[in-house]
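Report on one structure; see the data block that follows.
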4 protein chains.
Amino acid sequence: MEHNDKQVHIIETAEKLFALHGFAGTSIRDISREAGINIAMVSYYFGSKEKLMEAIFHHRITHAWIAAEEMADNNILQPWQKVEELIHSFVEGMSNKSYFHSLILRQQLSNEMSPIASLMDSVRERNTNIIGKIIREGQANGDFKQDVDIPLLLFTMVGTAYQTLHSRESYRKMHNLQHMTDEAFMAEMKRRLKQHIFFCLKQSYHK
Amino acid sequence: MEHNDKQVHIIETAEKLFALHGFAGTSIRDISREAGINIAMVSYYFGSKEKLMEAIFHHRITHAWIAAEEMADNNILQPWQKVEELIHSFVEGMSNKSYFHSLILRQQLSNEMSPIASLMDSVRERNTNIIGKIIREGQANGDFKQDVDIPLLLFTMVGTAYQTLHSRESYRKMHNLQHMTDEAFMAEMKRRLKQHIFFCLKQSYHK
Amino acid sequence: MEHNDKQVHIIETAEKLFALHGFAGTSIRDISREAGINIAMVSYYFGSKEKLMEAIFHHRITHAWIAAEEMADNNILQPWQKVEELIHSFVEGMSNKSYFHSLILRQQLSNEMSPIASLMDSVRERNTNIIGKIIREGQANGDFKQDVDIPLLLFTMVGTAYQTLHSRESYRKMHNLQHMTDEAFMAEMKRRLKQHIFFCLKQSYHK
Amino acid sequence: MEHNDKQVHIIETAEKLFALHGFAGTSIRDISREAGINIAMVSYYFGSKEKLMEAIFHHRITHAWIAAEEMADNNILQPWQKVEELIHSFVEGMSNKSYFHSLILRQQLSNEMSPIASLMDSVRERNTNIIGKIIREGQANGDFKQDVDIPLLLFTMVGTAYQTLHSRESYRKMHNLQHMTDEAFMAEMKRRLKQHIFFCLKQSYHK
DNA sequence: AATGAATGAGTCTTCATTCAT
DNA sequence: GATGAATGAAGACTCATTCAT
């Protein structure tokens, strides 16, 4: 399950190309050309194109969301601070690993039964549980209403973030922010996005 | 630009397969098998696989959103009613043409310059203008705050709806609604979804 | 065997395209597009693409070379005048029906047994006989040497004319005749060509 | 630019088939069947059918005509001996590489602009220069007339040789030489052909 | 451990031809 | 008599994968 440097290089190259052109739209030749490796390396290291895709998911998922779980169990932060922290880490995660999140979205669109699909299902379930734990804690201490629809809340967070990050150029144009540097613009957009999501959730379910 | 019955049949079959498996992941052979037609028909009618994809978009987009434009100019409805109506028609549209909306999402993920991309850009621009018009009307009569971030508002609506409709089975399982018929469940989910989006927007930006 | 106007139009269009791009390199679609007729017309009128090719040859050959035969039997002209006349009519024929002569050359390159090949063989035999008759007449009255190699003589005439007419632009450039009109240049080139061929033959075999 | 044995085998097989049936009339399937190789090898080695055609020309042209250039600059031979030598090497070259010369002729018939066409143009120019050099040398020492039309002279040499070598069977039949072995016949025909061309040129332009 | 050579299956597209009208 | 619709076969080319080295 551990990958050496060369394997990681292939994985991340493939992640990018699969994200941009889809699984079927990316040939092993494309990957090997972009990564500067031999065509036979993919089959050699991963067995097949399919298995390479699975390797990408395992590579990314292994170390993810552990922090979130710890935070949910944290006793110092207030529920709303936890939500804020969750939104923050989610938006940052998505914008840092944007290729991977494109992959997730693509995988979700092809609703097939596959090892990857099962893996993602379990991830989604875990995420729901984390949020559920926070929400229930908030309901217990009177911060949240009783009729919060947790999945919808998760969908709003995920969906809004997806949509915004994938439409960054439209967003920039609509707000006439072309004068900013790329970095400054991204920072500003993420700031507004986090605030916006937080407002959406807070106002909807605040008691 | 007009398509006969057989052409529409091919278009809708391709729309479904492209939505499920992607453009590159769907072969003309797959389409012709599923549609029960000869393999050569696709090239015969549309010229190429690429042109077939364009035909799908033109087929769907031609008659869309005209109602929304009319509604925005409507003088009887209040701004918030218009937003409600917009959410309603958007969610209904997306759930009725779910394959097509998967296609849009896929197209958005491959951020390439193409005739289709330009077409979608203009559609997005039009949608933004419609909402903008409603919001500004609401700001004028004091219904909305002044600092509404219209693009983010659009992204929340679109993103939440996408995410929910594509995760309908997860949603069903999380709420233990397996006892309902498919129709009843969909109706209930859409009801909750519309209400949720409306709350998100209303509470965030209501003055 | 008689062709109506529409059929002749198809024949001549096909002749041009076959000459330029070869038989296999020209599709029935190309022909019908260029001729402005329906795709099914070729099969309808001629049965098949192959049969259309045969029709082209029959169309052109039926009325050809009859004059040459008459001239050979003529009693007034001297043998060398007949040769001169032959060269003249051959060069003119080739430059007037240049597409057809390209076809002949192409057919000759594919040394296949076919109805067309047999037809051309008989034409070549007839041409050889005509020249043979003139030469023998010249040998009888002492104008020609006895050891004239008639086929080689024919090949020189045909080959030189072919080569020159197909390299007209090279010829023009080599002689810096770009200032002339196309018509004037062609006339001049044909004049030189005829004279050149005549000299080649006359000087070689004149007694 | 260097080709291994297998590539040369493919090149020469394709050369033969293209010569006999034309470029469009020869499928990659035909070539691979005749050469006893896998269909994908052509694309694998040469990239495309078109590139294979270019490879044929580069393969043949690279080492050609260098001898001729050296001979033209030779100080021992007399101009007429050089012409004789030129005719000899040209006829031999054409009969040894008859498939390739069919290809050249075919390429010339389709007067298209292509990398190959440019290549052939430069070859033709070089050949003309070589002959021109010899002729001018002959004019200087009084062997040739002043008004020699060099291009026409070249066309006679090339055209006669082409025409004769491609009509060898007709020639054999016309002279009743079926009793000779193929080798003996070819030797005899080439002997007569060279002499014939030499006479044509000599008598036309000898002072 | 790593790779260049090779291939059978599959890709999209075009072909000449047929047939119902 | 003439044609638009339709198709099976074949076209060139690319694919993921294997194997000998």
Side-chain angles (χ1 to χ4, degrees), chain A residues 4 6-7 10 14 23-33 36-53, chain B residues 4-7 10 14 23-33 35-53, chain C residues 4 6-7 10 14 23-33 36-53, chain D residues 4-7 10 14 23-33 35-53:
Chain A
N4 64 37
K6 208 163 186 176
Q7 288 170 315
I10 296 173
F23 179 76
T26 305
S27 72
I28 289 191
R29 243 182 181 75
D30 293 335
I31 297 169
S32 62
R33 193 183 307 121
I37 52 142
N38 186 277
I39 321 173
M41 293 294 308
V42 169
S43 296
Y44 178 65
Y45 274 142
F46 302 95
S48 73
K49 197 183 169 189
E50 204 85 36
K51 297 257 188 64
L52 168 59
M53 182 60 127
Chain B
N4 63 38
D5 287 3
K6 210 160 188 174
Q7 287 170 317
I10 296 174
F23 180 77
T26 305
S27 72
I28 290 191
R29 203 171 233 89
D30 294 335
I31 298 170
S32 62
R33 193 184 303 119
I37 52 145
N38 185 278
I39 317 178
M41 292 300 306
V42 169
S43 295
Y44 177 66
Y45 274 142
F46 303 96
S48 71
K49 197 183 169 188
E50 202 87 36
K51 297 256 189 67
L52 168 58
M53 182 61 128
Chain C
N4 64 37
K6 209 163 184 176
Q7 287 170 315
I10 296 174
F23 179 76
T26 305
S27 72
I28 289 192
R29 243 182 180 77
D30 294 334
I31 298 169
S32 62
R33 193 184 306 120
I37 52 142
N38 186 277
I39 321 173
M41 292 296 306
V42 169
S43 296
Y44 178 65
Y45 274 142
F46 302 95
S48 73
K49 197 183 170 188
E50 203 86 35
K51 298 259 187 64
L52 168 59
M53 182 60 126
Chain D
N4 63 37
D5 287 1
K6 211 160 186 174
Q7 287 170 317
I10 296 174
F23 180 77
T26 305
S27 72
I28 290 191
R29 205 171 232 90
D30 294 335
I31 297 170
S32 63
R33 192 184 304 120
I37 52 142
N38 185 278
I39 317 180
M41 291 300 307
V42 169
S43 295
Y44 177 65
Y45 274 142
F46 302 95
S48 71
K49 197 183 169 188
E50 203 88 35
K51 296 255 188 67
L52 168 58
M53 182 60 127

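Just so it is clear, the structure is predicted and the values come from calculations on it, not from any experiment.
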In whole Å, I'd like the distance from the [atom1] atom of [X] to the [atom2] atom of [N].
X	N	atom1	atom2	answer
B:R29	F:dT14	CZ	C1'	15 Å
C:I28	F:dT3	CD1	P	15 Å
A:R33	F:dC15	CZ	C1'	13 Å
A:I31	F:dA16	CD1	P	8 Å

Margin query: If you assign D:I37 and C:F23 each to the DNA chain E nucleotide with the nearest heavy atom, which residue ends up on the more 5' nucleotide?
Written below: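 Final value for this comparison: D:I37.
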
Checklist line | 5'-most by nearest nucleotide on DNA chain E - B:D30 or D:M41 | finding: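 Nearest-nucleotide comparison on DNA chain E picks D:M41.
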
Item checked: Interface limits on DNA chain E, where chain D has a heavy atom under 4.0 Å of a nucleotide atom ->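 The footprint of chain D covers E:dA5 to E:dG8.
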
Listed by chain and number, what are the side chain to side chain contact (heavy atoms under 4.5 Å, CB included) partners of [X], not counting sequence neighbours?
X	result
B:S43	none
D:N4	D:K6, D:Q7, D:Y45
B:D30	B:L17, B:T26, B:S27, B:R33

Pairwise distance [atom1]([X]) to [atom2]([Y]) - rounded to 0.5 angstrom:
X	Y	atom1	atom2	answer
D:I28	D:N38	CD1	CG	11.0 Å
D:I39	D:I31	CD1	CD1	11.5 Å
B:E50	B:M53	CD	CE	8.0 Å
A:Y44	A:I10	OH	CD1	11.0 Å

Margin query: When you measure from the side-chain N and O atoms of A:S27 to the phosphate of F:dT14, is any distance below 4.0 Å, counting only OP1 and OP2?
Written below: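 Checking A:S27 against F:dT14: no side-chain N or O falls below 4.0 Å of OP1 or OP2.
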
Check: Going by heavy atoms closer than 4.0 Å, what residues in residues 43-52 of chain B are next to DNA chain F?
Finding: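 Residues of residues 43-52 of chain B that come under 4.0 Å of DNA chain F are, in numerical order, B:Y44, B:Y45.
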
Check: How would DNA chain F look in dot-bracket form, 5' to 3', counting Watson-Crick and G-U wobble pairs with both distances under 3.5 Å and writing | for bases paired to another strand?
Finding: .||||||||||||||||||||

Note to self: Can a donor-acceptor pair be found, under 3.5 Å and without considering hydrogens, that links the side chain of D:K49 to the backbone of D:F23?
What the structure shows: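 Yes, the answer is positive, given that a donor and an acceptor are paired below the 3.5 Å cut-off.
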
Next item on the list: Have a look at C:S32 and say if it touches a base, only the backbone sugar-phosphate, or nothing, with a 4.0 Å heavy-atom cut-off.
Entry: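 Contact class for C:S32: none.
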
Checklist line | Pairwise 5' ranking along DNA chain F for A:V42 and B:I39, keeping only the more 5' one | finding: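 That would be B:I39.
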
